[in-house]
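What follows is a short report on a single structure.
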Amino acid sequence: MNIKILSKVLAFVMCVSAGHVLSSQHVLPKLAYTYESLEPYIDAQTMEIHHSKHHQAYVTNLNKALAGTKAEALPIEDLLIASEKRGAAIRNNGGGHYNHSLFWSMLSPEADKTPDGKLLEDINRTFVSLDSLKKLLNNAAMTRFGSGWAWLYVSPEKKLVVCSLPNQDNPIMDAAKEHRGIPILGIDVWEHAYYLKYQNKRADYTNAIWNVIDWNAVAANYSSALASPLLKTIEKDAWLALKEFHLVMAQTFHPMEEGDFAPIRSRSGEMAAKSELLLKSKVPASFQSDAIQKALRDLYAGATALDKLVQKKAKDDKINESLTKLHDTFHIIQGLCSDEH
Ligand code: MN
């Protein structure tokens with residue numbers, strides 16, 4: 001038996017013996033402190049249930065939702081960016097897993113209660129003071145109706161921003177709309193995070209939590225967010241006019257490759273309109289260049305020419321030539337927005 005087959009058999013045996021054949025790619029992180037060590041601010045029972053039951057359930061259900069799908073091997077960030085198309089199970093449980101992992105990592109019984117260095121400078125520049133930032137976060141937490149989180153995140157423009165989002169949504173997700181970026185601090189305002197100790201007094205909980213939020217950890221999250229290629233990926237993903245053009249391109253070009261010209265013949269007008277919206281849209285800061293402006297103009301000219309051909313009922317080979325050229329131009333734009341640029 002060769003080593004490749006042997007290792008596959010071993011992996012299978014290990015899965016079966018663990019009682020399941022599901023993917024166990026995502027795992028519950030161990031805490032760096034004990035459940036009782038955040039007392040009196042967060043009680044031991046809340047911590048134990050929150051970590052070992054709630055977070056564990058997100059992990060279990062995420063792995064269940066991913067099992068046997070193409071998304072099984074993807075990093076969590078890739079799942080979250082496209083949360084809307086992946087469906088509720090991945091959006092809610094993937095978000096739950098990511099958010100709680102971040103939450104545990106920025107809590108500590110020996111919390112460093114004030115940031116320093118670049119984070120403090122940027123907080124002061126953006127929010128005037130640490131106190132006013134805390135007030136904004138507490139307000140975001142208090143005004144979140146029902147379950148959700150208050151977030152401090154880094155936007156693609158590398159600005160610090162406060163927001164709140166419902167349920168387990170976070171700024172990495174397309175679902176976050178105008179609040180896209182990488183979260184560096186989150187306050188869980190689901191009742192399961194505080195109800196045993198604080199009951200209906202959410203404000204007492206959000207005031208107390210500052211005693212165990214470790215600004216050292218937040219500062220580390222801040223520097224890694226600033227250096228992360230994910231920020232550019234989010235910036236591109238948040239360029240909605242590009243995304244919408246891409247969708248029409250994918251839904252017309254690929255059928256044509258298979259010999260089906262009906263989609264492009266019925267949607268060339270829509271494609272021309274989307275190319276015009278794209279040309280007029282605001283190019284995200286990182287991607288602004290003469291080259292991209294030229295490519296966007298070429299795209300608009302190409303889509304308009306293609307639409308004219310369709311209106312004139314041109315033959316398939318003419319349509320093919322024109323759409324293939326347009327597809328190449330679109331790839332130039334995609335390339336100019338990739339991480340290498
Ligand atoms: Mn929670």
Side-chain angles (χ1 to χ4, degrees), residues 26-66 76-77 79-80 83 86 88-109 111 134 137-153 162-173 175-176 179 181-214 217-218 221:
H26 300 283
V27 291
L28 183 71
K30 287 204 165 63
L31 300 188
Y33 41 84
T34 61
Y35 289 139
E36 57 276 0
S37 59
L38 303 181
E39 299 256 13
Y41 311 108
I42 305 178
D43 61 289
Q45 195 188 4
T46 294
M47 282 301 295
E48 181 173 0
I49 296 171
H50 201 175
H51 176 254
S52 72
K53 301 285 190 265
H54 289 283
H55 190 170
Q56 180 62 63
Y58 295 125
V59 172
T60 305
N61 292 329
L62 176 61
N63 287 332
K64 226 183 254 177
L66 290 171
I76 186 83
E77 290 84 355
L79 298 176
L80 300 184
S83 67
R86 294 193 193 279
I90 292 177
R91 175 171 166 182
N92 293 332
N93 294 296
H97 176 40
Y98 183 96
N99 298 344
H100 288 86
S101 302
L102 179 76
F103 190 57
W104 311 132
S105 76
M106 38 144 268
L107 297 178
S108 168
K134 286 182 184 175
L137 278 161
N138 283 355
N139 184 58
M142 286 307 297
T143 52
R144 168 52 46 202
F145 182 77
S147 299
W149 291 72
W151 294 110
L152 175 64
Y153 68 93
V162 168
C163 77
S164 94
L165 293 171
N167 305 316
Q168 296 296 351
D169 288 357
N170 74 41
I172 296 174
M173 294 182 183
H179 285 295
I182 300 179
I184 62 170
L185 184 165
I187 302 175
D188 187 346
V189 290
W190 283 58
E191 284 186 346
H192 69 221
Y194 63 87
Y195 204 83
L196 291 178
K197 182 177 170 73
Y198 295 96
Q199 292 85 46
N200 59 323
K201 292 168 285 205
R202 189 189 276 187
D204 290 358
Y205 157 72
T206 62
N207 284 325
I209 201 167
W210 296 111
N211 291 291
V212 286
I213 286 180
D214 185 15
V218 179
N221 293 341

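All residue numbers in this chain count up from 1 along the given sequence. Just so you know, ligand 1 is whichever comes first in the structure, and atom 1 is the first atom listed for that ligand. What you see below is based on every heavy atom in this structure, not just the backbone, and it leaves out hydrogens, waters and symmetry mates.
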query = What residues, two or more places apart in sequence or in another chain, satisfy side chain to side chain donor-acceptor pair (under 3.5 Å) together with Y98?
reply = none
message = Within the structure provided, determine whether R144 and W190 are in side-chain contact (heavy-atom separation under 4.5 Å).
response = no
request  = Return the set of protein N, O or S atoms whose distance to the Mn ion (ligand 1) is under 2.8 Å, each given as residue and atom.
outcome  = H50 NE2, H100 NE2, D188 OD2, H192 NE2
message = Could you check whether atom CD of E48 has more than 12 heavy atoms from other residues, nucleotides or ligands sitting under 6.0 Å from it?
response = yes
request  = Mind telling me whether H100 and F103 have parallel, tilted or perpendicular rings, with 30° and 60° as the class edges?
outcome  = perpendicular
With W151 via side chain to side chain donor-acceptor pair (under 3.5 Å) - residues at least two apart = none
request  = Just jot down the side chain to side chain donor-acceptor pair (under 3.5 Å) partners of D204, sequence neighbours excluded, or say none.
outcome  = none
